[in-house]
Amino acid sequence: MFEEEKQDIEQKLKAFCEQNELPFVNLEWRHIPFSGEWGIALPLFALAAAEDRSEVKVSVPQRAQELAEMLAEFIGLPQGFTRVKAVKGYLNLYFSTSDYAHRITNMVLSQGSDYGKAARLGKKTMVEYSQPNTHKSMHVGHLRNVILGGAVSNILEFAGYDVIRANYLGDIGLHVIKWLWNYEKYHKDEQPAEDRTRWMGDLYAEADQRFSDEPGFEAEVRQYFVRWDRQEPEILALWEKTRQWSLEGFYQVYELLGEQFDRIYFESEVEEAGKVVVEKLIESGMAVDGRPDEPVFINLDEILGTKDEYRVSVVLRSDGTSLYATKELPLAVMKFDEYELDTSIYVIDVRQSLHMKQIFKVLELMGYEWASQLVHLAYEVVNLPGNMTMSSRDGTVVLLDDLIREATQRALDIVQEKNPELAEDKKVVIARAVALGAIKYPMLSRDNTKIVTFDWETALDFNGQSAPYIQYAHVRAGSILKKANNELPKDVSFGKELHISEVNLIEMISKLPGEVERAARVYKPLLIATYAFELAKAFNDFYNQCPVLSAEADVQAYRLMLVAAAKQSLANSLNLLGIEAPDVM
RNA sequence: GCUCCAGUAGCUUAAUUGGAUAGAGCAAGGCACUCCUAACGCCUAGGUUGGGGGUUCGAGUCCCUCCUGGAGCACCA
């Protein structure tokens with residue numbers, strides 16, 4: 001905005017510098033910290049500092065202020081601004097409040113659910129997230145990944161990227177073999193309980209326990225793995241059947257969370273390709289084949305001449321079975337071949353940073369040009385109070401099902417109390433939307449690099465900085481519009497003297513597109529989560545300060561516009577976070 | 001030992017990526033319901049941004065160093 005005006009002023013600045021024999025430096029525009037009116041600011045510290053270096057010693061802040069004052073005098077009042085002022089070394093140019101308000105609300109209302117959305121960039125990016133292991137449970141620790149990946153995908157899409165949402169299921173590997181062998185040995189022909197994910201998870205915990213505690217069990221599992229590798233039909237059949245049990249459970253969870261994937265990769269799908277890649281790596285001399293006693297590995301530090309930076313990557317076990325890295329290499333290639341991607345993002349927790357770094361480096365060394373476009377979006381783990389890690393063995397995991405059920409029940413109690421006349425099924429739908437929002441928000445409202453400590457109290461708190469707070473603002477806005485029969489006046493003008501909370505609300509509404517762009521650039525849903533809360537806060541303040549329905553006709557007219565624009569912005573922000581915006585609650 | 005991350009109010013945290021007076025929520029104390037949904041709002045209190053140096057007109061943000069906590073470092077993913 002105001003690009004022409006800025007250029008015009010820059011021209012004048014140049015003339016001003018020449019006229020006063022000042023050195024020329026590049027100055028950057030920024031926004032005036034908002035305090036009731038809008039404007040753009042030009043800091044003059046750089047110019048003052050340049051002068052300080054070249055000539056007489058001056059106090060930079062003082063000189064910057066002098067320059068700002070001189071410049072204010074020099075440029076006069078440019079078109080489109082209401083006043084120009086020198087403040088603390090900045091040249092501030094303020095623009096008309098009512099014009100701006102009018103411009104913003106019209107823009108929001110004409111763009112609707114697309115408000116905040118950027119033009120298409122023509123760039124394809126794949127976001128791989130969730131990556132659950134079959135035959136295990138899904139707990140709150142896994143939730144952060146799904147929610148983060150989903151939100152980042154939404155945000156990138158809104159920022160103009162063509163996004164492909166990918167999932168990569170760990171349907172094979174030692175953990176699966178452990179499960180299968182334990183089933184074969186102790187639970188043969190048992191049918192799963194109704195809650196499949198939980199049942200599978202319980203059996204996994206049992207298998208894992210035996211693996212480390214029961215003498216001989218590990219050896220049996222390893223042997224079973226080799227048999228799996230030989231593709232023995234009974235093992236394959238058992239694997240397919242039990243894998244399906246897991247998948248059914250997962251798809252239920254995704255549906256509940258509102259996640260959908262465009263492409264699901266399976267580890268089993270890339271396992272053979274991985275072994276081919278490993279053979280090539282050995283042939284090319286990059287990988288060292290230490291079999292039968294040692295695994296196949298790549299000594300990256302030795303190849304690159306680095307020290308303790310890339311370490312050693314093991315790409316195939318000594319018994320010839322595949323590892324994580326074995327499968328990751330062909331998968332990356334497959335993704336680029338299949339979709340002609342520009343970038344490929346991996347949402348994986350921070351503990352795998354070294355692994356990701358190694359894989360990216362190996363792909364680079366293999367000569368893939370796109371290797372520089374691989375991004376590991378690392379996030380910290382979810383812990384329990386007292387810095388406890390969730391562990392199925394210790395029985396400390398918080399299962400998704402339990403959490404959602406409990407949160408929904410609490411939300412339902414409140415809906416019951418506030419809206420007893422609603423239909424029962426509608427109450428449940430609302431309660432679920434509120435509960436899921438409450439669960440998702442704390443995982444999105446802190447930085448990716450921060451550990452999230454899960455505790456029931458926070459997860460079930462529907463007050464303060466939380467999704468229900470934001471949803472509630474949306475409901476209130478909708479309620480006003482409903483009482484006005486959902487009719488909006490046509491093109492009204494805003495009053496010259498707006499209330500401070502109206503001005504603040506307009507300011508927050510106007511920030512959405514910029515926040516989307518920022519959030520997409522740094523892969524941080526946190527920015528949208530914070531924004532949504534501040535927008536809701538601004539709306540609640542407006543709601544308390546400025547009556548709409550009882551206001552005089554002309555005031556009511558523009559306030560209705562403002563309410564509608566706020567509601568739209570709230571809905572759009574919540575959608576970006578993967579949180580529903582209910583109409584009643 | 002090496003590498004990465006975090007350290008901001010009692011607790012959970014934000015800070016437009018180096019800009020103007022470090023903002024919120026929870027918890028605490030006080031106020032406020034004949035008024036569009038009180039899952040709301042207002043006020044009070046709470047800060048040497050882990051310590052110390054440095055760069056800069058300007059540092060929570062960048063550099064160095066130390067302290068504390070966490071994670072990772074050859075066949076689990």
Side-chain angles (χ1 to χ4, degrees), chain A residues 28 30-33 35 41 43-46 48-50 52 58-64 87-90 92 131 133 170 173-175 178 208 267 290 294-297 299 307-319 321 323-325 328 348-355 357 378 380-381 383 387 411 414-415 417-419 434 438 442 445-447 449-453 455 457-458 461-466 468-469 471-473 475-477 479-484 511 514-515 518 521-522 526-527 530 533-534 537 540-541 543-551 563 584-585:
Chain A
E28 282 185 5
R30 54 185 65 251
H31 289 282
I32 300 174
S35 61
L44 291 155
F45 300 104
D52 179 47
V58 290
S59 149
V60 170
Q62 199 183 330
R63 182 59 182 160
V87 183
K88 296 178 181 176
Y90 295 82
N92 288 356
Q131 309 111 332
N133 284 327
L174 191 62
H175 69 280
K178 263 189 229 174
D208 191 49
E267 281 193 30
E294 295 273 297
V296 180
F297 63 91
N299 191 335
K307 194 168 176 291
D308 290 339
E309 200 181 335
Y310 290 93
R311 315 268 172 171
V312 169
S313 176
V314 177
V315 292
L316 197 69
R317 285 200 189 85
S318 50
D319 63 6
T321 57
L323 285 160
Y324 181 69
E328 206 58 61
I348 302 179
D349 83 62
V350 69
R351 291 173 302 187
Q352 294 182 49
S353 292
L354 180 60
H355 273 272
K357 195 169 140 182
E380 265 292 358
V381 295
N383 269 354
N387 200 20
I414 301 175
V415 175
E417 183 191 315
K418 309 202 81 162
N419 288 294
V434 171
S445 63
R446 52 207 81 223
D447 218 328
T449 54
K450 286 229 162 79
I451 294 168
V452 168
T453 302
D455 68 282
E457 209 178 315
T458 311
D461 189 0
F462 300 157
N463 301 307
Q465 185 167 359
S466 66
Y469 177 95
Q471 291 169 318
Y472 183 57
V475 165
R476 281 176 142 186
S479 177
I480 292 176
L481 296 174
K482 198 173 165 193
K483 291 207 163 133
K511 282 170 84 171
E515 293 300 295
R518 276 179 62 207
R521 184 156 31 89
V522 292
L526 151 73
L527 297 173
T530 306
F533 171 68
E534 281 171 0
K537 203 169 145 73
N540 278 331
D541 184 40
Y543 183 94
N544 282 294
Q545 302 281 334
C546 303
V548 178
L549 299 175
S550 61
V563 170
V584 190
M585 63 188 268

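Convention: sequence-line order gives letters A, B, ...; per-chain numbering from 1.
A search for side-chain hydrogen bond (donor to acceptor under 3.5 Å, both in side chains) contacts involving Asn419(A) returns nothing, not counting sequence neighbours. For Glu328(A), the salt bridge (charged side-chain N to carboxylate O under 4.0 Å, His left out) test picks out no residue, with sequence neighbours left out. Shown here are the salt bridge (charged side-chain N to carboxylate O under 4.0 Å, His left out) partners of Arg317(A), two or more places apart in sequence or in another chain: there are none. For the ring pair (Phe, Tyr, Trp, His ring centres under 6.0 Å) test, residues two or more places apart in sequence or in another chain that qualify with Phe533(A) are Tyr469(A). Annotation: side-chain hydrogen bond (donor to acceptor under 3.5 Å, both in side chains) contacts of Glu380(A) (sequence neighbours excluded): none. Listed by chain and number, the residues in a side-chain contact (heavy atoms from CB on, under 4.5 Å) with Lys357(A) are Glu309(A), Tyr310(A) (sequence neighbours excluded). Shown here are the side-chain contact (heavy atoms from CB on, under 4.5 Å) partners of Glu294(A), two or more places apart in sequence or in another chain: there are none. Scored by the side-chain hydrogen bond (donor to acceptor under 3.5 Å, both in side chains) test, Glu515(A) finds Arg518(A) as partners (sequence neighbours excluded). Every residue two or more places apart in sequence or in another chain was checked for a salt bridge (charged side-chain N to carboxylate O under 4.0 Å, His left out) with Arg446(A), and none qualifies.
rU55(B) shows a glycosidic angle more than 90° from 0 and is accordingly assigned anti.
Note on Val296(A): nothing from the nucleic acid sits closer than 4.0 angstrom, heavy atoms only. No engagement by Val563(A) is indicated, since no non-hydrogen atom pair under 4.0 Å with the nucleic acid exists. In this structure, Tyr90(A) reaches the bases: a heavy-atom distance under 4.0 Å links it to at least one base atom across the strands shown. Within 4.0 Å (heavy atoms only), Val452(A) reaches no atom of the nucleic acid at all. Using a 4.0 Å heavy-atom cutoff across all strands shown, Val434(A) reaches at least one base atom of the nucleic acid. Looking at heavy-atom distances under 4.0 Å, Asn92(A) makes contact with a base. As judged by a 4.0 angstrom heavy-atom cut-off over every strand, Gln62(A) is placed among residues making no nucleic acid contact. Residue contacts for Val315(A): at a heavy-atom cut-off of 4.0 Å it reaches no nucleic acid atom on any strand shown.
The distance between atom CD1 of Ile480(A) and atom P of rC40(B), rounded to the nearest whole Å, is 16 Å. Across the protein-nucleic acid pair, Gln131(A) atom CD and rA77(B) atom C1' stand 10 Å apart, rounded to whole Å. When rounded to the nearest whole Å, the span between CG of Leu527(A) and C1' of rG23(B) equals 15 Å. Between the CG atom of Asn544(A) and the P atom of rA32(B) there is a distance of 16 Å, rounded to whole Å. One interatomic measurement links the two molecules: CG of Leu526(A) to C1' of rU17(B), which rounds to 13 Å at whole-angstrom precision. To the nearest angstrom, P of rU61(B) lies 16 Å from CG of Asp447(A). If you measure from atom NZ of Lys307(A) to atom P of rU3(B), you get 9 Å, rounded to the nearest angstrom. Distance Phe45(A) CZ to rA59(B) C1': 14 Å, rounded to the nearest Å.
Spacing of C1' atoms, rC62(B) relative to rG19(B), comes out at 14 Å, to the nearest Å. Separation of the P atoms belonging to rC11(B) and rC73(B) is 31 Å when rounded to the nearest angstrom. Taking the C1' atom of each, rA71(B) and rG30(B) are spaced 45 Å apart, rounded to whole Å. Atom name P, nucleotides rG53(B) and rA15(B): the rounded distance is 27 Å, in whole Å. Taking atom C1' in both rC31(B) and rA38(B), the straight-line distance is 14 Å, to the nearest Å. With P as the reference atom, rA28(B) and rG50(B) are 27 Å apart, rounded to whole Å. Rounded to whole Å, the separation between the C1' atoms of rC4(B) and rA9(B) comes to 29 Å.
Comparing rA20(B), rA38(B), rA14(B) by their nearest atom to the side chain of Ala41(A) picks out rA20(B). In this structure, the nucleotide among rC36(B), rA14(B), rG41(B) sitting nearest to the side chain of Ser479(A) is rC36(B). Of the candidates rA20(B), rC40(B), rA14(B), rA14(B) carries the atom nearest the Arg446(A) side chain, counting heavy atoms from C-beta on. Among the nucleotides rA15(B), rC36(B), rA6(B), the one closest to the side chain of Val548(A) is rC36(B). Here the nucleotide nearest the side chain of Asn540(A), chosen from rC40(B), rC2(B), rA14(B), is rC40(B).
Remark: RNA chain B forms stems of 3 or more consecutive Watson-Crick or G-U wobble pairs, all pair distances under 3.5 Å, at B:1-7 with B:67-73, B:10-13 with B:23-26, B:28-31 with B:41-44, B:50-54 with B:62-66.
Between the OG atom in Ser479(A) and the CE atom in Met585(A) there is a gap of 12.5 Å [rounded to 0.5 Å].
Residues Val315(A) and Leu323(A) come closest through the heavy atom pair C-CD1, 4.1 Å. Summarising the geometry of Val563(A) relative to Ala477(A), their closest heavy-atom pair is CG1-O, 3.5 Å, with the distance given to 0.1 Å. In terms of heavy-atom proximity, Ala438(A) sits nearest to Phe462(A) at CB-CE2, 3.5 Å.
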Nucleic acid footprint by protein, nucleotides 70-76 of chain B - heavy-atom cut-off 4.0 Å, B for base, S for sugar-phosphate alone:
SSBBBBS

Evaluation steps, side-chain contact (heavy atoms from CB on, under 4.5 Å), between Thr449(A) and Val350(A)
CA-CA 8 Å; Thr449(A) 54; Val350(A) 69; over 6 Å; no

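Taking the nucleotide of RNA chain B with the nearest heavy atom to each of Arg476(A) and Asp541(A), the more 5' of the two is matched to Arg476(A). Mapping Arg518(A) and Ala325(A) onto RNA chain B by nearest heavy atom places Arg518(A) closer to the 5' end of the strand.
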Give me, pair by pair, the N or O atoms of the protein and of nucleotides 24-29 of chain B that are less than 3.5 Å apart, along with how far apart they are.
{"from": "rG25(B)", "atom 1": "OP1", "to": "Lys537(A)", "atom 2": "NZ", "distance (Å)": "3.1"}
{"from": "rG25(B)", "atom 1": "O2'", "to": "Gln465(A)", "atom 2": "N", "distance (Å)": "3.1"}

